Trainee: 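This is the structure I want to talk about, given as structure tokens.
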Protein chains: 2
Amino acid sequence: MKRWTLEDIGKLAGVSRSTVSRVINDHPHTSPAVRQRVEQVIRETGYQPNSAARSLASSQSRILGLVMPSLLQSAFADPYYALVIQAISQACIQHDYTPSLFLFQNAAEEAKMSQRLASSGLIDGLIVTADTIDSQFVQMIQPYDIPFVQIGRPQRESASCISYVDVDNEAGAYLAGSHLLQQGYRRIGQIATLHNTAGQDRDAGFRRALNDRGLPIDEALIALSSFSEASGYRAMQHLLPRQPEAVFAQSDAIALGAIRAIRDSDLRVPEDIAVVGFDDMPLAASSSPPLTTVRQPIARAGKLAVETLLDIIQTSPQPARHIVLPVELVIRASSGAVS
Amino acid sequence: MKRWTLEDIGKLAGVSRSTVSRVINDHPHTSPAVRQRVEQVIRETGYQPNSAARSLASSQSRILGLVMPSLLQSAFADPYYALVIQAISQACIQHDYTPSLFLFQNAAEEAKMSQRLASSGLIDGLIVTADTIDSQFVQMIQPYDIPFVQIGRPQRESASCISYVDVDNEAGAYLAGSHLLQQGYRRIGQIATLHNTAGQDRDAGFRRALNDRGLPIDEALIALSSFSEASGYRAMQHLLPRQPEAVFAQSDAIALGAIRAIRDSDLRVPEDIAVVGFDDMPLAASSSPPLTTVRQPIARAGKLAVETLLDIIQTSPQPARHIVLPVELVIRASSGAVS
DNA sequence: CCAATATCTGGGAGCGCTCCCAATTCTTGC
DNA sequence: GCAAGAATTGGGAGCGCTCCCAGATATTGG
């Protein structure tokens with residue numbers, strides 16, 4: 001297949017380069033007859049404009065970068081990331097943008113790439129999922145003027161000047177905690193992940209739920225974990241001797257691990273210990289028992305992140321956009337509310 | 001931050017555009033003194049070459065596309081894909097290439113994008129994970145002359161002329177089957193996924209293992225499934241009434257679903273039914289019981305796919321490269337071999 | 001029917017690089 | 001000490017597009 005150029009197509013259609021360009025970019029001031037003829041030729045030749053030339057001339061690449069800094073091997077296995085990636089990829093394609101993926105293993109890689117990402121012009125904007133407390137990535141790209149949006153709340157100091165799309169983790173955890181209280185449980189444990197902002201917010205919501213009912217927080221019933229099944233299992237093993245009646249796990253993966261730990265000790269869910277998760281992953285509905293959990297709209301968040309970023313690119317970075325999506329409690333068997 | 005150009009850097013270093021270009025691209029014929037001066041200026045300014053201009057002039061983008069056609073929402077949740085993506089992203093960055101991700105939902109999207117991917121010059125090469133029997137994607141890009149590598153064996157008709165990186169699914173399933181036979185099991189079931197080539201190969205290996213021991217295949221003990229936990233659960237439910245002594249599940253996700261189904265029927269693994277999986281996902285080692293499974297080198301396969309693709313790009317598409325990686329059996333508790 | 005305006009079209013300039021060739025400078029050998 | 005050759009360096013051309021302006025053509029009103 002020949003590599004056609006605008007000029008070629010123009011010649012074949014009997015018009016100039018510029019006219020073909022106008023047709024392709026849907027600019028006004030082209031007569032319907034000409035437009036049709038050109039479109040015909042484009043269809044017949046299978047012409048595709050050269051993206052490099054386009055980028056160079058228009059100084060925009062129509063490529064969006066998705067950056068996930070310093071993920072542990074296991075952390076990335078959480079289906080959460082797969083869903084985020086999928087949603088963003090979808091949204092990009094829908095808006096005729098190309099998604100590029102940057103998964104970094106360590107700070108050195110981040111540093112090396114941040115400059116390139118920000119100033120080679122390869123990428124029009126960045127979506128960053130850097131809500132771990134110690135991630136430096138956002139600080140590294142802020143000095144550059146590349147548009148970016150964070151998924152998840154940034155750390156407090158910088159939150160106001162950074163655009164982000166988040167889900168209402170605090171409210172979700174509040175719902176989860178309140179639900180367990182409503183079921184009559186009093187010794188309620190939590191498996192928490194405090195090294196990212198989502199975990200902190202969920203922790204805050206959980207505590208507020210207990211406070212609102214006048215229940216003191218028993219710190220011995222709070223176990224720390226990372227966002228993985230195995231780590232949820234371990235955390236639950238620590239909690240078991242303290243005999244909680246119920247546990248709020250900060251993610252579904254953690255909840256699944258916790259359930260496994262409970263069953264391995266020959267206890268039943270929810271009869272002996274009730275469990276609530278967070279995320280509503282596909283797995284949650286079909287686990288044994290089906291998991292009561294807080295549904296967060298991951299796909300919508302991803303889509304909104306892309307659209308917010310495009311808005312920033314097309315209009316102006318100021319003011320920073322802050323979007324917080326509502327979540328809902330999905331009640332299933334694991335919390336003892338349904339048989 | 002100013003957007004520097006080669007010309008700017010040249011002026012600052014007292015040399016010409018061309019010399020700076022030579023330094024950046026590590027071409028020979030530059031005096032050490034000049035080279036050092038230029039590198040100094042580049043460091044001070046933070047200059048990054050404009051990728052669009054580079055692509056246009058050199059007609060290569062240093063972008064690799066990763067295409068995953070028509071994945072169901074749930075299929076993508078399988079950590080397998082996350083690991084593949086991670087490995088490929090890593091390998092790209094290592095080789096100074098940028099990975100782009102194309103997840104397609106349906107055939108229409110595939111058709112629309114295949115042409116663009118193949119002939120806009122945006123992408124230097126493609127890695128395709130299209131081993132489902134009915135995927136048309138490979139056929140759609142074959143007419144173009146864009147280099148591509150498939151992960152997983154292509155369908156028979158086209159396998160010889162397509163470069164691919166695969167793992168030895170047949171041998172792995174043979175190992176799994178033989179292992180169960182060696183444990184003394186005779187009524188051995190299989191949960192199979194036949195709509196992709198990996199599943200077919202695993203099926204063949206499993207059957208060969210049984211055949212080699214003179215055991216007839218009981219088709220009633222073979223249940224069909226897709227690559228998901230939930231679907232493994234359902235398949236196992238079908239198998240349970242037939243009372244298999246052991247089950248070979250074609251993936252770890254399926255195996256986990258099967259184990260859940262077995263336990264939900266108040267049977268034990270491995271005492272009542274032994275289970276072997278395939279993949280050796282991170283989860284497999286820490287499940288209850290730990291899963292005997294066939295370890296496939298996903299990260300290595302991803303890395304090799306990238307490197308094979310780069311080799312094709314840099315040298316020639318001919319002859320087609322065929323790489324089949326060995327797998328190994330990892331024996332854990334679920335097959336009854338260890339206490 | 002022609003001037004005035006609105007609509008359409010063509011071509012020059014330029015985006016920031018790479019590639020190539022010619023010009024310049026530096027070596028080296030006899 | 002000077003020619004022949006090798007190592008450096010500079011600048012033109014061009015990659016395929018977009019953007020803009022000027023010229024051509026069509027449309028309208030008086």
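Keep in mind that this is a model prediction, so the values were computed, not measured. Quick note on labels: first sequence line is chain A, next is B, and so on, each numbered from 1.
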Trainee: Hey, could you give me each pair passing salt bridge (Lys or Arg N to Asp or Glu O under 4.0 Å) that has a residue in residues 36-60 of chain B? Not counting sequence neighbours.
Mentor: B/Arg35-B/Glu39
Trainee: Which listed nucleotide (C/dA13, C/dC17, D/dG11) is nearest to the side chain of B/Arg22?
Mentor: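 Between C/dA13, C/dC17, D/dG11, the one nearest the side chain of B/Arg22 would be D/dG11.
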Trainee: For A/Glu7 and C/dG10, give me the distance from atom CD to atom C1', rounded to whole Å.
Mentor: 10 Å
Trainee: Determine whether B/Ser100 and A/Thr98 satisfy the following criterion, side chain to side chain donor-acceptor pair (under 3.5 Å), listing intermediate values before the conclusion.
Mentor: CA-CA 7 Å; B/Ser100 261; A/Thr98 297; 5.8 Å; no
Trainee: Looking at DNA chain C, which of residues 23-36 of chain A put a heavy atom within less than 4.0 Å of it?
Mentor: A/His29, A/Thr30, A/Ser31, A/Val34
Trainee: Quantify the bending of the helix from C/dC1-D/dG30 to C/dC30-D/dG1 as the angle between its end axes, each fitted on five pairs, to 10°.
Mentor: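 Rounded to the nearest 10 degrees, the bend comes out at 30°.
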Trainee: Return yes if a side-chain donor-acceptor contact under 3.5 Å exists between A/Asn196 and A/Thr132, otherwise no.
Mentor: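 On atom types as modelled, these side chains do not qualify, holding no pair under 3.5 Å.
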Trainee: Rounded to whole angstroms, how far apart are CG on A/Leu6 and C1' on C/dT9?
Mentor: 15 Å
Trainee: Separation of B/Gln48 atom CD from C/dG16 atom P, in whole Å?
Mentor: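 Nearest whole value for this atom pair: 15 Å.
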Trainee: Where do B/Glu307 and B/Lys303 land on the salt bridge (charged side-chain N to carboxylate O under 4.0 Å, His left out) test, with the steps shown first?
Mentor: CA-CA 6 Å; B/Glu307 283 161 1; B/Lys303 190 158 186 272; 3.4 Å; yes
Trainee: Within this structure, what is the CD-to-C1' distance between A/Gln60 and C/dC15, rounded to whole angstrom?
Mentor: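 The distance from CD of A/Gln60 to C1' of C/dC15 comes to 13 Å, rounded to the nearest Å.
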Trainee: Without decimals, in angstroms, what is the distance between B/Arg37 CZ and D/dT9 C1'?
Mentor: 12 Å
Trainee: Using whole Å, what does the distance between atom P of nucleotide C/dG16 and atom CD1 of B/Ile42 come to?
Mentor: 16 Å
Trainee: Could you tell me whether the phosphate oxygens of D/dT18, OP1 or OP2, come under 4.0 Å of any side-chain nitrogen or oxygen in A/Ser21?
Mentor: yes
Trainee: Does a side-chain N or O of A/Thr5 approach OP1 or OP2 of D/dG16 to a distance below 4.0 Å, or not?
Mentor: no
Trainee: What is the distance, rounded to the nearest whole Å, between atom CG of A/Asn50 and atom P of D/dC17?
Mentor: 6 Å
Trainee: Which whole-number value in Å describes the distance from A/Asp8 CG to D/dG16 P?
Mentor: 9 Å
Trainee: According to salt bridge (Lys or Arg N to Asp or Glu O under 4.0 Å), does anything in residues 311-324 of chain B pair up with another residue at least two apart or in another chain? List the pairs.
Mentor: B/Asp311-B/Arg321
Trainee: So which pairs with a foot in residues 8-29 of chain A pass ring-ring contact (aromatic ring centres under 6.0 Å, His included), sequence neighbours left out?
Mentor: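 Listed by first then second residue: nothing to list.
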Trainee: With respect to the phosphate group of C/dT18, does any side-chain polar atom (N or O) of B/Ser58 fall under 4.0 Å of OP1 or OP2?
Mentor: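 It does not, given that no N or O in the side chain of B/Ser58 lies less than 4.0 Å from OP1 or OP2 of C/dT18.
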Trainee: Test B/Ile146 against B/Leu117 for side chain to side chain contact (heavy atoms under 4.5 Å, CB included), laying out the working first.
Mentor: CA-CA 9 Å; B/Ile146 185 163; B/Leu117 284 180; 5.6 Å; no
Trainee: Measuring to OP1 and OP2 of C/dC17, would you say a side-chain N or O of B/Tyr47 lies under 4.0 angstrom away?
Mentor: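 B/Tyr47 to C/dC17 OP1/OP2: side-chain N or O found under 4.0 Å.
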Trainee: With sugar-phosphate meaning primed atoms plus P, OP1 and OP2, does B/Ser18 contact a base, only sugar-phosphate, or nothing at under 4.0 Å between heavy atoms?
Mentor: base
Trainee: Listing request: all salt bridge (Lys or Arg N to Asp or Glu O under 4.0 Å) pairs with a residue in residues 88-107 of chain B, at least two apart in sequence or in separate chains.
Mentor: A/Arg116-B/Asp96
Trainee: Which atom names give the shortest non-hydrogen contact between A/Leu103 and B/Gln90, and what distance separates them?
Mentor: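 Closest approach of A/Leu103 to B/Gln90: O-NE2, 3.1 Å.
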Trainee: Taking the inter-plane angle between the rings of B/Phe104 and B/Phe137 on a 0 to 90° scale, is it parallel (under 30°), tilted (30 to 60°) or perpendicular (over 60°)?
Mentor: tilted
Trainee: 5'-most contact on DNA chain D: A/Arg17 or B/Leu56, nearest heavy atom basis?
Mentor: B/Leu56
